[in-house]
Engineer: 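Have a look at this one.
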There are 2 protein chains.
Amino acid sequence: MPVMVMDVSSKRNAILDGAIAEFLAQGYAAASMDRIASGAGVSKATVYSHFASKDRLFMAIMERLVLSKFADILEPSQFAARMNEPPERLLRHVAMTMLQVPIQDREYLGLIRTVIAESGRFPALAQTFLKEITAVALHSLADYFRHCPHLHIADPEATARIFVGAIAHYLITQYLLSGAEIIPLEESRLVDSLILMITCQKTEQGP
Amino acid sequence: MPVMVMDVSSKRNAILDGAIAEFLAQGYAAASMDRIASGAGVSKATVYSHFASKDRLFMAIMERLVLSKFADILEPSQFAARMNEPPERLLRHVAMTMLQVPIQDREYLGLIRTVIAESGRFPALAQTFLKEITAVALHSLADYFRHCPHLHIADPEATARIFVGAIAHYLITQYLLSGAEIIPLEESRLVDSLILMITCQKTEQGP
DNA sequence: GTCTATATCGCGATAGAC
DNA sequence: GTCTATCGCGATATAGAC
């Protein structure tokens, strides 16, 4: 007959879940191993039996978090399937997804804040974030700009950076820096202008 | 004859300078009042005689820092004087300034990292940063887009956001997140594409 | 105002029973 | 593996002499 306590892997997962909440809310230095332990319903010694140190636990949950968010971002294959759509439609879908995923999933915003906050102490973590999330989106978009028959983009990589940068900065100012009332701007205006600026380059192609 | 020790205001300034270095390097939680005191060459009690608590010292130096960086950013008046230059020239100058100031002044980069890092604990600080720096640049640019006779920008505010966002995100990825080798991109390519995307809107104005 | 010395607390990490 | 109890340290903040 089953005992009424968590098994080993459940405890490990409870620790990881509690650690995610604590580190994302407090940042590395202010996070407390005591709170992580009690939040997970285990003793502090149990936390240390699974993770050798605060550093190791932090890096474990952050890598896990970065990889888990990967699926939410658009991969190259998703672009290939939509190559024949009008560019306005496809770019609007991409922009709205990049905006809505972090807005709906507050863990995503906390991840962005924490990656930037700890980028001095943990530069390898910042690079993992860039490699697994930012670079994937940039390469997908640049490939699309390079091969889409309806667009004639002079510099696909730079244009992808502008697209991703404008959206990422909008998320940071409105939702991390509480900018809604200080520098308000509707999502749709940002997206409309981005699409207009990108698609109007096709008028450059000849006499 | 003058004594060979600092007077009161010199000690206060030494404390402020040391606090800036400590908070920007360590973040709020990991910063130590002991290190700030010894770094300034005073006792810890002296620090507390000038600033009631760690919170108050942090907010004092961050506000000071935000206001001191204001002059580096382009004010509206600077645009008015250059309204008759070709837009390509003016926009290139603005973009290069926004890129070079934080790159040259590492304190500026540390300020950006700390504002984002502590935006959960100190939302008012984040809003001060937006109001004193980001909003000033956005309004200047939007005004320019609205009134420049050579451009016909559909949505000046949104276009200003894209311009500022692309540059801010570039600074964050390349210099805060150590992205130089992971997602390399020359400054000039970013700036050239930005200018091309903005200026080519003038071809939209009709037959 | 400024110092030395200290109070008080919470932190990360560990020892040892079970 | 998991617990309780604790160690040692460094943190913020303060008392009291000068």
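Values reported hereafter were calculated over all heavy atoms of this structure, with side chains retained and with hydrogens, waters and symmetry mates removed. As the structure is a prediction and not an experimental result, all values here were calculated from the model. So you know, we letter chains A, B, ... as the sequences are listed, proteins then strands, and number each from 1.
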Engineer: For B:Ser193 and A:Arg161, which I'm curious about, is there any donor-acceptor pair between the side chains at under 3.5 Å?
Structural biologist: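 Looking only at side-chain atoms, A:Arg161 and B:Ser193 do not form any donor-acceptor pair under 3.5 Å.
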Engineer: State which of D:dT4, D:dA13, D:dA15 makes the closest approach to the side chain of B:Ser53.
Structural biologist: D:dA13
Engineer: Using a 4.0 Å heavy-atom cut-off, does B:Ser32 contact any base of the nucleic acid, only the sugar-phosphate backbone, or nothing at all?
Structural biologist: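 Since only primed, P, OP1 and OP2 atoms lie under 4.0 Å of B:Ser32, the category is sugar-phosphate.
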Engineer: Give one of base, sugar-phosphate or nothing for B:Ala29, where a contact means two heavy atoms less than 4.0 Å apart.
Structural biologist: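 Nothing, no heavy atom under 4.0 Å.
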Engineer: Rounded to whole angstrom units, what separation is found between the CD1 atom of A:Ile15 and the C1' atom of D:dT2?
Structural biologist: 10 Å
Engineer: In whole angstrom, what separates B:Asp34's CG from C:dT6's P?
Structural biologist: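 Distance, rounded to whole Å: 15 Å.
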Engineer: Between A:Tyr48 and B:Thr46, who's closer to the 5' end of DNA chain C by nearest nucleotide?
Structural biologist: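 Of the two residues, B:Thr46 wins.
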Engineer: Where do A:Ala168 and B:His169 come nearest, in terms of heavy atoms and distance?
Structural biologist: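 Reported closest heavy-atom pair: CB-CD2, 3.5 Å.
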Engineer: Decide whether A:Gln104 and A:Gln100 meet the rule of one side-chain donor and one side-chain acceptor closer than 3.5 Å.
Structural biologist: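 The answer is yes; a qualifying pair exists.
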Engineer: Would you mind telling me which of A:Arg146, A:His139, A:His147 makes a side chain to side chain donor-acceptor pair (under 3.5 Å) with A:Asp143?
Structural biologist: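 Answer to the side chain to side chain donor-acceptor pair (under 3.5 Å) test with A:Asp143 among A:Arg146, A:His139, A:His147: A:Arg146.
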Engineer: What's the closest nucleotide to the side chain of A:Lys11 if the choices are C:dT14, C:dC3, D:dT2?
Structural biologist: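 Looking only at heavy atoms from C-beta outward on A:Lys11, the closest nucleotide is D:dT2.
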Engineer: Provide, to the nearest angstrom, the distance between the CZ atom belonging to A:Arg35 and the P atom belonging to C:dG10.
Structural biologist: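 In whole Å, C:dG10 P lies 11 Å from A:Arg35 CZ.
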Engineer: Expressed as a whole number of angstroms, how long is the span from A:Met33:CE to D:dC7:P?
Structural biologist: 21 Å
Engineer: Would one find a side-chain N or O of A:Ser43 under 4.0 angstrom from OP1 or OP2 of D:dC3?
Structural biologist: yes
Engineer: Please state how far atom CG in A:Leu57 lies from atom P in C:dC11, giving the value in whole angstrom units.
Structural biologist: 15 Å
Engineer: Between atom OH in B:Tyr28 and atom P in D:dA11, what is the gap in whole Å?
Structural biologist: 14 Å
Engineer: Is the phosphate of C:dG1 approached by B:Arg12 (side-chain N or O, under 4.0 Å from OP1 or OP2)?
Structural biologist: no
Engineer: Whole angstroms only, please: what is the CZ-C1' distance between B:Arg56 and D:dT12?
Structural biologist: 15 Å
Engineer: Tell me whether A:Tyr170 contacts the main-chain N or O of A:Leu185 through its side chain, where contact means a donor paired with an acceptor under 3.5 Å.
Structural biologist: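 Yes; judged by distance alone, with no hydrogens or angles, the pair exists.
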Engineer: Just checking B:Ala37: base, sugar-phosphate only, or nothing, at a heavy-atom cut-off of under 4.0 Å?
Structural biologist: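 No contact.
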Engineer: C:dA13 C1' sits how many Å from A:Ile36 CD1, rounded?
Structural biologist: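 A:Ile36 atom CD1 is separated from C:dA13 atom C1' by 14 Å.
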Engineer: Is the distance from OP1 or OP2 of D:dG10 to the nearest side-chain N or O of B:Lys44 less than 4.0 Å?
Structural biologist: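 No.
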